[in-house]
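For reference, the structure discussed in these notes is given below.
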Amino acid sequence: MNEYNHIDVRPFGANAGAEVRGIDITSPLEKEVVREIKTAWQAHLVLLFRDQNLEPQQHMTFAQYFGEPQKAGFVPTLKEFPFIRHQEFNKNPGEKISKIGGVNLLWHHDDSFWKVPSKGSILHGIDVPDVGGDTLFVSMIAAYDALSSEMKSMVDNLTCYHDLTFFIQDTIIEEMGMQALERIKKENPPVEHPLVVVQPKTGKKALYVDEMHVSKIKGMHPEESKCLLEFLSQHTSKPEFQCRIRWSNNTVIMWDNLCVKHRGVHDFGTAHREMQRIALVGEHSPKAP
Ligand code: SIN
């Protein structure tokens with residue numbers, strides 16, 4: 001039975017990713033349409049909408065059907081819309097790219113360094129390269145399911161430290177100075193999250209670990225932690241668990257931030273790439289099985 005009466009949902013990845021056709025998300029949406037989008041989002045984790053000429057206010061309205069927009073940390077935002085994060089590469093020819101702005105180009109879960117991370121994000125491609133600059137997503141549910149039962153029973157009981165400054169410490173010092181690093185560290189002390197989390201609505205288990213924020217596995221010797229994190233990084237980055245978004249201007253994607261990790265691909269040279277993103281406030285800390 002087709003569970004969708006108002007939208008046309010076309011999966012493009014075996015484990016994550018579906019295109020939603022047949023709706024205009026710049027207009028107000030009926031309750032039933034929103035319910036169907038939520039169902040598709042839960043099932044496919046990453047949804048793609050093409051040709052949506054979203055103005056910032058329409059972006060806010062669309063996001064609010066799914067949750068409360070999250071205040072940005074120290075990343076740039078639109079001047080009149082402090083909840084819309086602004087990501088831009090190669091604004092002016094030859095301009096030095098901020099490496100801090102470039103950290104999205106490494107696997108991560110958004111805001112996992114907070115006790116209650118965002119539950120999802122809605123990203124709008126404003127001006128994207130003709131070639132390159134895709135975004136990759138991994139179903140961390142599929143990655144968990146593919147582990148042996150022995151490995152599952154080990155990781156089920158582990159906890160990780162997530163640290164905002166783990167990967168970008170040197171870059172913060174280089175671009176913002178030592179005092180800024182100290183301030184950011186003080187405002188964002190590392191937090192603990194289970195390595196395996198449960199999707200609250202479906203009860204499915206997902207790996208909650210990434211390369212950008214996870215500094216160590218709690219209780220393990222540093223070399224044990226390093227070894228297991230390296231294995232998990234390789235395992236979760238397999239193409240079998242991924243889907244890939246090819247952007248065009250006015251493509252909008254939304255993703256489940258608990259059960260997917262994601263990254264941009266920095267293969268677009270000097271081409272302009274401009275995105276606007278709203279993150280949604282999480283409802284609670286990630287829960288262990
Ligand atoms: C993000 O991490 O928010 C977006 C990834 C991208 O820039 O493609």
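Counting starts at 1 for both ligands and their atoms, following the listed order.
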If you measure from atom 6 (C) of ligand 1 to every heavy atom of R277, R273, M275, which option wins on shortest distance?
R273
What atoms of ligand 1 come closer than 4.0 angstrom to any heavy atom of [X]?
X	result
T135	5 (C), 6 (C), 8 (O)
Q87	3 (O), 4 (C), 7 (O)
H262	1 (C), 2 (O), 3 (O)

Would you kindly specify which portion of L123 sits under 4.0 Å from ligand 1, judged on non-hydrogen atoms: side chain, backbone, both or neither?
side chain
Could you tell me whether [X] and [Y] have their ring centroids closer than 6.0 angstrom?
X	Y	answer
Y208	H193	yes
F268	H266	yes
F62	F49	yes

Hey, can you pull the donor-acceptor pairs under 3.5 Å for the side chains in residues 115-124, sequence neighbours left out?
{"residue": "S118", "atom": "OG", "partner": "Q70", "partner atom": "OE1", "Å": "3.3"}
{"residue": "S118", "atom": "OG", "partner": "D111", "partner atom": "OD2", "Å": "2.5"}
{"residue": "K119", "atom": "NZ", "partner": "F66", "partner atom": "O", "Å": "2.8"}
{"residue": "K119", "atom": "NZ", "partner": "E283", "partner atom": "OE2", "Å": "2.7"}
{"residue": "S121", "atom": "OG", "partner": "D110", "partner atom": "OD2", "Å": "3.0"}
{"residue": "S121", "atom": "OG", "partner": "R277", "partner atom": "NH1", "Å": "3.1"}
{"residue": "H124", "atom": "NE2", "partner": "N250", "partner atom": "OD1", "Å": "2.9"}

Any heavy atom of H108 closer to ligand 1 than 4.0 angstrom?
yes
Does an N or O anywhere in W255 fall below 3.5 Å from an N or O of ligand 1?
no
Distance-only criterion, 3.5 Å: show the donor-acceptor pairs between side-chain atoms of residues 7-21 and protein atoms not counting sequence neighbours.
{"residue": "D8", "atom": "OD1", "partner": "R10", "partner atom": "NE", "Å": "3.4"}
{"residue": "D8", "atom": "OD2", "partner": "R10", "partner atom": "NE", "Å": "3.1"}
{"residue": "D8", "atom": "OD2", "partner": "R10", "partner atom": "NH2", "Å": "2.8"}
{"residue": "N15", "atom": "ND2", "partner": "E240", "partner atom": "O", "Å": "2.9"}
{"residue": "E19", "atom": "OE2", "partner": "R21", "partner atom": "NE", "Å": "3.4"}

Testing the basics here: between I168 and L164, what is the closest heavy-atom pair and its distance to 0.1 Å?
CG1-O, 3.6 Å
